[in-house]
Amino acid sequence: MSWASPDDVFLSTSLATYLDKKILVLLRDGRKLLGLLRSFDQFANVVLEGACERIIVGDLYCDIPLGLYVIRGENVVLIGELDLEKDELPPHMTRVSTAEIKRAQKAERDATVLKGSMRKRMEFLDFD
Amino acid sequence: MATEEESAVKEPLDLIRLSLDERIYVKLRSDRELRGKLHWVTVWLLQAYDQHLNMILGDVEEVVTTVEIDDETYEEIVRTTRRTVPFLFVRGDGVILVSPPLRTA
Amino acid sequence: MLFFSYFKDLVGREVTVELKNDLAIRGTLHSVDQYLNIKLENTRVVDQDKYPHMLSVRNCFIRGSVVRYVQLPPDGVDVDLLHDATRREARGG
């Protein structure tokens, strides 16, 4: 991403075209942040105003408010400009409270851990 | 025809360039393998010691190997999925090894 | 040939960018830079059901370091030109 002059900013990979727009930032750890893009630099470091984290577990989701966020570019996977005319999520998804989404998240994590530990036990019993 | 000078292999990467327009094998991170015709390879120098082999392959077959744990028996299931892609740019930082076609001459 | 100058010729064409986190996005190539950062327009995610949060994303910036593959349009690949470029680089040209 270069510091393009105003003339070619629309032809470059500059994030200037997303300034003051609602964006989705996908992070390397899988987290999804939403907010208004207020600033950026050539490393894709970005400043998000009114940021929130969107947690999705199956058909449930919740937006957790975070405030003003500075995100380091090396953690960024993708920055998407949201089309405000379109629904942000499919109609079958349900918004739930923070407590509920955290519960769902924990249940999902526990299931994965259980699967892993059961597998280890199976390996232990596997004599051949 | 390549001249003698052009076809001389002086460093490892020359061997890959010699495979231009031939089918090569590429092993990538996250258990992926590619077989395809090498159309383009470029050395991308990130730092003095860090080189990436960016490539464009044609008629590519990709094989991905995944291991899943069965929900009921908790047994490991090894799956391989295959697909073909007409032209693929491969970013060099995922490349583990490149093998040119076997030559008998 | 700088490695990204080839991509510049593909601006305006449909490509599929596959990321290291397995997300695959199809869209019109808007721009690319020397780090292989990519901007796509009119994007759609290949496996939309798996990525509901991407539903309303129409334009996006992809950080070059997370790209695994780019699927190129078959008629946008000039094989002879690519071969020449590879040979030129081998001679240090």
Side-chain angles (χ1 to χ4, degrees), chain B residues 1-3 5-22 24 26 28-34 36-46 50-60 62 64 66 81 83-96, chain C residues 1-11 13-27 29 32-38 40 46-47 50 62-93:
Chain B
M1 266 307 286
T3 65
E5 199 197 332
E6 273 179 333
S7 56
V9 177
K10 293 182 188 127
E11 48 174 304
L13 299 185
D14 291 337
L15 189 67
I16 296 164
R17 291 201 185 95
L18 267 184
S19 310
L20 211 55
D21 212 19
E22 297 192 65
I24 59 165
V26 183
L28 298 165
R29 286 169 201 267
S30 62
D31 295 310
R32 281 159 201 271
E33 296 165 286
L34 300 174
K37 215 174 185 185
L38 179 68
H39 289 308
W40 187 52
V41 58
T42 183
V43 179
W44 190 20
L45 211 67
L46 284 182
D50 197 3
Q51 298 179 343
H52 282 185
L53 284 177
N54 292 320
M55 286 179 277
I56 292 177
L57 302 178
D59 294 319
V60 191
E62 187 200 42
V64 186
T66 50
T81 47
R83 61 167 175 160
T84 55
V85 183
F87 284 101
L88 199 62
F89 168 88
V90 182
R91 193 180 151 102
D93 59 355
V95 173
I96 293 171
Chain C
M1 180 162 83
L2 282 169
F3 93 93
F4 77 100
S5 64
Y6 170 71
F7 275 95
K8 283 187 168 164
D9 293 339
L10 289 175
V11 165
R13 306 296 303 270
E14 280 263 304
V15 294
T16 304
V17 182
E18 298 186 31
L19 310 187
K20 286 172 186 155
N21 64 5
D22 294 340
L23 177 64
I25 307 165
R26 192 158 176 74
L29 187 66
V32 65
D33 65 24
Q34 67 266 40
Y35 307 109
L36 199 71
N37 294 322
I38 290 172
L40 294 179
V46 175
D47 191 357
K50 211 176 142 193
I62 298 162
R63 207 164 188 275
S65 58
V66 302
V67 172
R68 180 185 285 138
Y69 305 134
V70 182
Q71 289 185 35
L72 307 170
D75 60 336
V77 179
D78 184 339
V79 169
D80 293 330
L81 189 137
L82 292 174
H83 292 182
D84 286 347
T86 305
R87 291 197 189 97
R88 257 202 314 281
E89 197 182 279
R91 288 197 297 271

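Here is how names work: the chains are called A, B, and so on, in the same order as the sequence lines, proteins then strands, and each is numbered from 1.
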Identify which part of [X] has an atom lying under 4.5 Å from any heavy atom of chain C, answering side chain, backbone, both or neither.
X	value
B/R29	neither
B/L20	side chain
B/L34	side chain
B/V85	side chain
B/L38	backbone

Check whether any side-chain heavy atom of C/L36 lies under 4.5 Å from a side-chain heavy atom of C/F7, and answer yes or no.
->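 Of all side-chain heavy-atom pairs linking C/F7 with C/L36, at least one is under 4.5 Å.
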Do B/F89 and C/V15 come close enough that some side-chain heavy atom pair is under 4.5 Å?
->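 B/F89 does not reach C/V15 side chain to side chain.
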Measure [X] against the heavy atoms of chain B and call it side chain, backbone, both or neither at under 4.5 Å.
X	answer
C/D75	neither
C/T16	neither
C/V67	both

Salt-bridge present (C/R68, B/D93; N to O < 4.0 Å) =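 Looking at C/R68 and B/D93, the cut-off is not met.
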Could you tell me whether B/E62 and B/R83 have a side-chain N and a carboxylate O separated by less than 4.0 Å?
->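 Here B/E62 pairs with B/R83 in a salt bridge, since their nearest N and O are under 4.0 Å apart.
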Under the salt bridge (Lys or Arg N to Asp or Glu O under 4.0 Å) rule, what do B/R32 and C/D22 come out as? Steps first, then yes or no, please.
-> CA-CA 12 Å; B/R32 281 159 201 271; C/D22 294 340; 3.1 Å; yes
Examine distances only and state if a side-chain atom of C/K8 and a backbone atom of C/D33 form a donor-acceptor pair shorter than 3.5 Å.
->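 Side chain of C/K8 to backbone of C/D33, a donor-acceptor pair under 3.5 Å: no, none is there.
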